[in-house]
Amino acid sequence: MSNLNTTHQFDVIIVGSGGAGLSLALSLPDHFNIAVLAKSHLTDASTFYAQGGVAAVLDETDSIQQHIDDTMIAGAHLCEIDAVTQTVEGGRPSVDFLLKHGVQFTLDEDEQLHLTREGGHSQRRIIHAADATGRAISTTLVERAQAKKNIRIFENFIAIDLITTQKLGQKDLSNRAIGLYALDEKNEHVHTFLAPFTALACGGAMKAYLYTSNPDIATGDGIAMAYRAGCRVANMEFNQFHPTCLYHPQARSFLITEAMRGEGAYLRLPDGERFMLRFDERAELAPRDIVARAIDYEIKRLGIRHVWLDISHKSPEFVKEHFPTLYARLLELGIDITKDMIPVVPAAHYTCGGVVVNEHSQTDIAGLYAIGETSYTGLHGANRMASNSLLECFVYGMSAAKDIESKFNPSFNAPHVSEWDATQAVHPDEEVVILQNWDELRATMWNYVGIVRTTKRLERALHRIEMLKGEITEYYQDYHVSKNLIELRNLLLVSEMIVRCAMQRKESRGLHYTLDYPELSSELRKTVLTPPTFQVETPLVNTEV
């Protein structure tokens, strides 16, 4: 690796090119000089793969209060009411934002936005673009960002760590983020990015699990970087497993949209029985945690590899009209969903916890924001309700933009920052260490920290993670950084957060289900992890709030 590095100065640095990051970028004034760092290509974000839609109260039969109530129920009443209210009230402005930028949503017979219904929602309030809403939103916002002269896009740049005043040794100042280091994967140079404002919109951390619906970028980078810089992290024990991912050897991480159950699809056992009626009166429309646990239970009870999702009782015309993308893709795999059942299994899907932020997405560190799945706003509580996550991206992205604009000081001068020093590092002689540790981590998380947990499993997971973390810390200090090394380092830290939060919660609530504490506690609280120092490899500290 060459020691030739580059320093860039911007007004705002945004890490992530999904709905959260681009909604912030497009909501900032045109005179702001903005950098958007994309870890892979621009559309390689969870937003692009979202098949459902955006929840918003648009119908006269619906109400803000009903959406709030549904969210609170789905979140097992652990949602923070101020965050829920802010997000739900931001539904119509978010839809207006998307329409203004040209997102083409599906319309009904009256040329109005077509509304569908998903699990946990009492009303039809999901706007969508057929069954590929994320693709429509992502491609449109990417096009708008590329057309902006004040937005500079850096593709295949992987953020390594934040730069803060306290990390620079300026103890007399309040801790402030002033930028970050990022690896240009194409030429292996580490660049220095400086700005008075930095936003982490890096997505979640579900690549910590062996089976996931997430794209490869979901390695918890923003959560890990923020924690190492001094930010609190909350509720990491709540990891949503999507109930219905396609079980097929040729289809890696292919999600079967929640909307299919919203439009009447049934979950069946091999003998054709609709089993969800035995678990919840809402049957297939129960919240995702209930459906995922029910599927997991039946798979283990019967010793089968998957269950079936069946929409063949609907007319072929209905199925093709509502799910054209799924119909075409599954037909390629030999499954005709107009007459065949779909084999499905649960898979890790969404990180409900994250970096603690306020109503403007501001973290504990001045100048540092976290948006979308990277953040903990309080919206999701113990379980995210379908299609609230995209809404959260836009509401908090726009709110962060207003806050940054109000605090912007054009005369800001960053203190001197040394370029990345790799003079003592060497090229690794064997990459197999990273591959081995990566595989072991994900298998450990799947087997011990999955849909159903026990204290013994969590203790075993923590022991393995601490050993792996020690190995990778030593590896990180000795060798040149690479994408795989950066991601594994972050995943190990975030996995430790998940386990430590899970060990602190002595109840079963929402997405956290433990056989040792199967009942709900009467106490409503979030689990908070507080960094004791700003050193890279310190133990995690648990505090209950």
Side-chain angles (χ1 to χ4, degrees), residues 16-23 38-55 98 103-106 116 118-119 126-143 145 155 201-222 239-248 250-262 288 292 309 322-330 332-333 342 344-352 371-374 384-394 397 487:
S17 58
L22 294 184
S23 65
K39 190 171 170 184
S40 183
H41 55 82
L42 278 175
T43 56
D44 192 11
S46 291
T47 298
F48 181 86
Y49 299 98
Q51 296 175 353
V54 182
L98 295 170
V103 179
Q104 298 294 311
F105 291 107
T106 298
T116 189
E118 295 182 348
I126 315 300
I127 65 168
H128 61 103
D131 59 344
T133 307
R135 179 189 295 267
I137 292 173
S138 179
T139 54
T140 301
L141 296 187
V142 163
E143 288 174 2
E155 288 189 283
C202 317
M206 290 300 90
K207 286 294 285 186
Y209 286 94
L210 189 60
Y211 302 111
T212 177
S213 65
N214 284 194
D216 289 342
I217 56 96
T219 54
D221 304 328
N239 306 293
Q240 187 175 74
F241 288 79
H242 196 287
T244 54
C245 282
L246 179 65
Y247 182 86
H248 195 286
Q250 297 174 20
R252 182 168 166 265
S253 304
F254 190 75
L255 184 68
I256 306 298
T257 176
E258 183 100 7
M260 184 169 283
R261 282 181 287 124
R288 288 176 175 177
L309 185 66
H322 284 75
F323 307 106
T325 306
L326 276 174
Y327 174 76
R329 175 64 179 130
L330 291 176
E332 293 175 359
L333 298 171
I342 308 166
V344 293
V345 292
H349 185 58
Y350 192 88
T351 308
C352 287
I371 318 171
E373 199 172 350
T374 299
R384 175 185 73 103
M385 189 166 70
S387 291
N388 270 355
S389 50
L390 281 176
L391 174 61
E392 181 188 40
C393 290
F394 309 127
E487 291 180 333

(request) Step by step, work out the side-chain contact (heavy atoms from CB on, under 4.5 Å) result for I256 and L330. (result) CA-CA 10 Å; I256 306 298; L330 291 176; 4.3 Å; yes
Any side-chain heavy atom of [X] within less than 4.5 Å of one from [Y]?
{"X": "V54", "Y": "F394", "answer": "yes"}
{"X": "H349", "Y": "F241", "answer": "no"}
{"X": "Y211", "Y": "C245", "answer": "no"}
{"X": "Y350", "Y": "E373", "answer": "yes"}
{"X": "F254", "Y": "L326", "answer": "yes"}
{"X": "Q104", "Y": "T140", "answer": "no"}
{"X": "I342", "Y": "T244", "answer": "no"}
{"X": "N214", "Y": "Y49", "answer": "no"}

Which atom names give the shortest non-hydrogen contact between [X] and [Y], and what distance separates them?
{"X": "E155", "Y": "L42", "result": "OE2-N, 2.9 Å"}
{"X": "E118", "Y": "A386", "result": "OE1-CB, 3.0 Å"}
{"X": "N388", "Y": "A55", "result": "OD1-CB, 3.6 Å"}
{"X": "A348", "Y": "T212", "result": "O-OG1, 2.8 Å"}

Rounded to the nearest 0.5 Å, how far does [atom2] of [Y] lie from [atom1] of [X]?
{"X": "D131", "Y": "H322", "atom1": "CG", "atom2": "NE2", "result": "10.5 Å"}
{"X": "T43", "Y": "L22", "atom1": "OG1", "atom2": "CG", "result": "10.5 Å"}
{"X": "L390", "Y": "T133", "atom1": "CG", "atom2": "OG1", "result": "8.0 Å"}
{"X": "L255", "Y": "L246", "atom1": "CG", "atom2": "CG", "result": "10.0 Å"}
{"X": "H128", "Y": "I137", "atom1": "NE2", "atom2": "CD1", "result": "12.0 Å"}

Report yes or no: does [X] contribute a side-chain atom to a donor-acceptor pair with the main-chain N or O of [Y] at less than 3.5 Å?
{"X": "S213", "Y": "A347", "result": "no"}
{"X": "T374", "Y": "C202", "result": "yes"}
{"X": "T106", "Y": "A130", "result": "yes"}
{"X": "T351", "Y": "G204", "result": "no"}
{"X": "S387", "Y": "G53", "result": "yes"}
{"X": "T47", "Y": "G18", "result": "no"}
{"X": "S138", "Y": "R135", "result": "no"}
{"X": "S23", "Y": "C393", "result": "yes"}

(message) Which residues pass the salt bridge (Lys or Arg N to Asp or Glu O under 4.0 Å) test with R384, not counting sequence neighbours?
(response)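 Here no residue qualifies.
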(request) Would you mind checking if D44 and K39 are paired as a salt bridge, meaning a charged N to carboxylate O distance below 4.0 Å? (result)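 A salt bridge is absent here (no side-chain N lies under 4.0 Å from a carboxylate O).
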(request) Please report the C-alpha distance between E487 and D216 in whole Å, then the side-chain angles of each, then the deciding distance to 0.1 Å, and finally whether the side-chain contact (heavy atoms from CB on, under 4.5 Å) criterion is met. (result) CA-CA 10 Å; E487 291 180 333; D216 289 342; 5.9 Å; no
(request) Just jot down the side-chain contact (heavy atoms from CB on, under 4.5 Å) partners of A45, sequence neighbours excluded, or say none. (result)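 Partners of A45 under the side-chain contact (heavy atoms from CB on, under 4.5 Å) test: none.
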(request) Could you give me the CA-CA distance, side-chain angles and deciding distance for Y209 and N239, then say whether side-chain contact (heavy atoms from CB on, under 4.5 Å) is met? (result) CA-CA 10 Å; Y209 286 94; N239 306 293; 3.5 Å; yes
